[in-house]
Amino acid sequence: MTTHLTLNNGVVMPALGFGVFQTPPAETAEAVASAFDVGYRLIDTAAAYGNERGVGDALGASGLPRDEVFLETKVWISDYGYDQTLHAWEKSVRKLQGEVIDLFILHQALPGDFDRTIAAYRALETLLDEGKVRAIGVSNFMVPHLERLLTETTIVPAVNQIEVHPYFTQKALQRFGTEHGILTQAWSPIGGITSYRGDDSRSTFNDPTILAIAEAHGKTAAQVMLRWHLQNGVQAIPKSVKPARIAENFDVFDFALNAEEIGRIDALDTGVRGGPEPEAITLETFGREIPED
Ligand code: NDP
């Protein structure tokens with residue numbers, strides 16, 4: 001089982017990383033420090049999460065060599081446009097307190113203003129050219145968005161970070177990515193979004209099929225879901241603020257699911273998206289200013 005994945009430009013990234021969406025800024029450095037302690041070396045944040053500085057603080061305090069850690073962050077839609085996105089890099093790098101971002105991605109497509117999305121992506125291409133980022137990509141892009149991006153820009157995105165968990169697998173979008181050399185990165189990989197709203201009866205953590213497979217391996221539902229991603233070649237970035245869960249979610253390299261188990265989990269797909277409809281993202285509804293510091 002590979003612990004790392006190679007992007008389409010040869011850059012290598014860990015197959016399992018750590019997410020910090022909804023991690024309060026004041027708790028971020030501690031959560032990331034816990035993650036470093038148990039072996040995570042990829043951290044996924046975003047300008048819109050308001051906690052890039054906590055990630056940078058944890059990296060600084062860790063004593064880890066910079067080249068042993070892979071930092072990923074996202075440009076928010078309010079900073080799209082060529083010059084604005086170049087400036088968004090300045091803001092993120094200042095908060096992360098480094099000089100280079102390993103993977104810099106567009107957080108969403110702006111379907112109603114796709115020219116602005118393209119201009120933002122061209123800025124990512126420039127940043128890559130200048131060595132200010134090591135790889136570039138997108139998030140929440142659907143097939144028509146990727147098709148247009150591939151037609152109008154030069155560099156194929158290294159990743160598309162999308163909602164993928166057992167209840168929503170987006171297989172056709174994943175296939176399109178594979179065919180074009182775009183790695184699928186799963187957000188809400190253990191189905192966090194199925195329980196955010198407090199309805200535990202619809203949560204992946206309580207799914208009988210996943211729990212039965214977990215019991216057979218002496219593992220937890222979260223570990224089974226993460227193993228399922230890794231064996232499917234999908235990169236995953238589970239989030240937790242709890243040290244025990246942070247450790248649990250990284251302890252997935254000592255067992256393997258068989259093809260029948262993977263098939264049973266694949267079959268749980270409901271086709272129902274948990275996150276916002278990517279086609280409905282507009283500056284009017286989702287725009288907000290990203291601070292300088
Ligand atoms: P996850 O699937 O990672 O689930 C996180 C939720 O599950 C939290 O509520 C966490 O609570 C809980 N949890 C974590 N581990 C366990 C466990 N072992 N057992 C039971 N419960 C657990 O969902 P996220 O939505 O956070 O997605 C992960 C990452 O993906 C984000 O942090 C972010 O980096 C990225 N993301 C990107 C998006 C995008 O649009 N590009 C959108 C959403 C997420 P607690 O913290 O209390 O442990």
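Below, all heavy atoms of this structure are taken into account, side chains as well, without hydrogens, waters or symmetry copies. Numbering of ligands and ligand atoms starts at 1, following listing order.
- With E248, E163, R245 as candidates, the residue nearest to atom 45 (P) of ligand 1 on a non-hydrogen basis is R245.
- Here the protein heavy atom with the shortest distance to atom 47 (O) of ligand 1 is K242 NZ, 2.5 Å.
- At least one N or O atom of V20, backbone or side chain, sits closer than 3.5 Å to an N or O atom of ligand 1.
- If you check which protein heavy atom lies closest to atom 3 (O) of ligand 1, you get K239 N, 2.8 Å.
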Tell me, with the steps shown, if F141 and L106 meet side-chain contact (heavy atoms from CB on, under 4.5 Å). CA-CA 9 Å; F141 272 46; L106 300 185; 4.2 Å; yes
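- For R148, the CZ atom sits in a packed shell: over 12 heavy atoms of surrounding residues, nucleotides or ligands are nearer than 6.0 Å.
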Output, in order, the C-alpha distance, side-chain angles, deciding distance and verdict of side-chain contact (heavy atoms from CB on, under 4.5 Å) for Y121 and I136. CA-CA 9 Å; Y121 192 81; I136 60 175; 3.5 Å; yes
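- Proximity of H107 to ligand 1, defined as any heavy-atom pair under 4.0 Å, is confined to the side chain (atoms from C-beta onward).
- Close approach of ligand 1 to D44 is summarised as follows: ligand atoms under 4.0 Å from at least one heavy atom of the residue are 33 (C), 34 (O), 35 (C).
- Of the options S139, S240, A222, the smallest heavy-atom separation from atom 48 (O) of ligand 1 is shown by S240.
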The test is side-chain contact (heavy atoms from CB on, under 4.5 Å); show your working for F253 and L16 and say whether it passes. CA-CA 10 Å; F253 296 101; L16 182 61; 4.0 Å; yes
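- Comparing F18, Y49, W187, F21 against atom 42 (C) of ligand 1, the shortest heavy-atom distance belongs to W187.
- The nearest protein atom to atom 7 (O) of ligand 1, hydrogens excluded, is given as F205 CZ, 3.6 Å; this is a heavy-atom distance.
- Look at N140 and you'll find a heavy atom under 4.0 Å from some atom of ligand 1.
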Would you sort out whether F104 and R134 count as a side-chain contact (heavy atoms from CB on, under 4.5 Å), showing the intermediate values? CA-CA 8 Å; F104 202 37; R134 295 174 63 230; over 6 Å; no
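- Under the 3.5 Å distance criterion, the side-chain polar atoms of R202 are left unmatched by any main-chain donor or acceptor of T194.
- Remark: the backbone N or O of A109 is not paired with any side-chain donor or acceptor of T117 at under 3.5 angstrom.
- Each of the atoms 23 (O), 24 (P), 25 (O), 26 (O) of ligand 1 lies under 4.0 Å from some heavy atom of Y196.
- Looking from atom 27 (O) of ligand 1 to the surrounding protein, the closest heavy atom is S188 N, 3.0 Å.
- Atom 15 (N) of ligand 1 has as its closest protein heavy atom N249 ND2, 3.0 Å.
- Remark: ligand 1 and V241 share an N or O pair separated by less than 3.5 Å (distance only, no angle test).
- Ligand 1 places these atoms under 4.0 Å from at least one heavy atom of P238: 3 (O).
- By the criterion of a heavy-atom distance under 4.0 Å, both the backbone and the side chain of P189 are placed next to ligand 1.
- Counting only distance, with no hydrogens or angles, the side chain of T28 and the backbone of P24 share a donor-acceptor pair below 3.5 Å.
- Taking every heavy atom of K74 and a limit of under 4.0 angstrom, the matching atoms of ligand 1 come to 41 (N).
- Contact analysis leaves G275 out of contact with ligand 1, as no non-hydrogen atom separation drops below 4.0 angstrom.
- Of the possible donor and acceptor atoms, none in the side chain of Q84 sits under 3.5 Å from a partner among the backbone N and O of S78.
- Close contacts between ligand 1 and Q161 involve ligand atoms 35 (C), 36 (N), 37 (C), 38 (C), 39 (C), 41 (N) [criterion: under 4.0 Å to a heavy atom].
- Ranking protein heavy atoms by distance to atom 6 (C) of ligand 1, first place goes to G192 CA, 3.8 Å.
- Ion pairing between a basic and an acidic side chain is recognised when a charged N comes within 4.0 Å of a carboxylate O; K219 and D251 show such pairing.
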Test side-chain hydrogen bond (donor to acceptor under 3.5 Å, both in side chains) on E261 and H217 and set out the steps. CA-CA 11 Å; E261 291 168 326; H217 289 276; 2.9 Å; yes
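- If you check which protein heavy atom lies closest to atom 29 (C) of ligand 1, you get I237 O, 3.1 Å.
- Judged by distance alone, the side chain of W76 and the main-chain N or O of A88 form no donor-acceptor pair under 3.5 Å.
- No option in D102, V12, V159 other than V159 meets the side-chain contact (heavy atoms from CB on, under 4.5 Å) test with L7.
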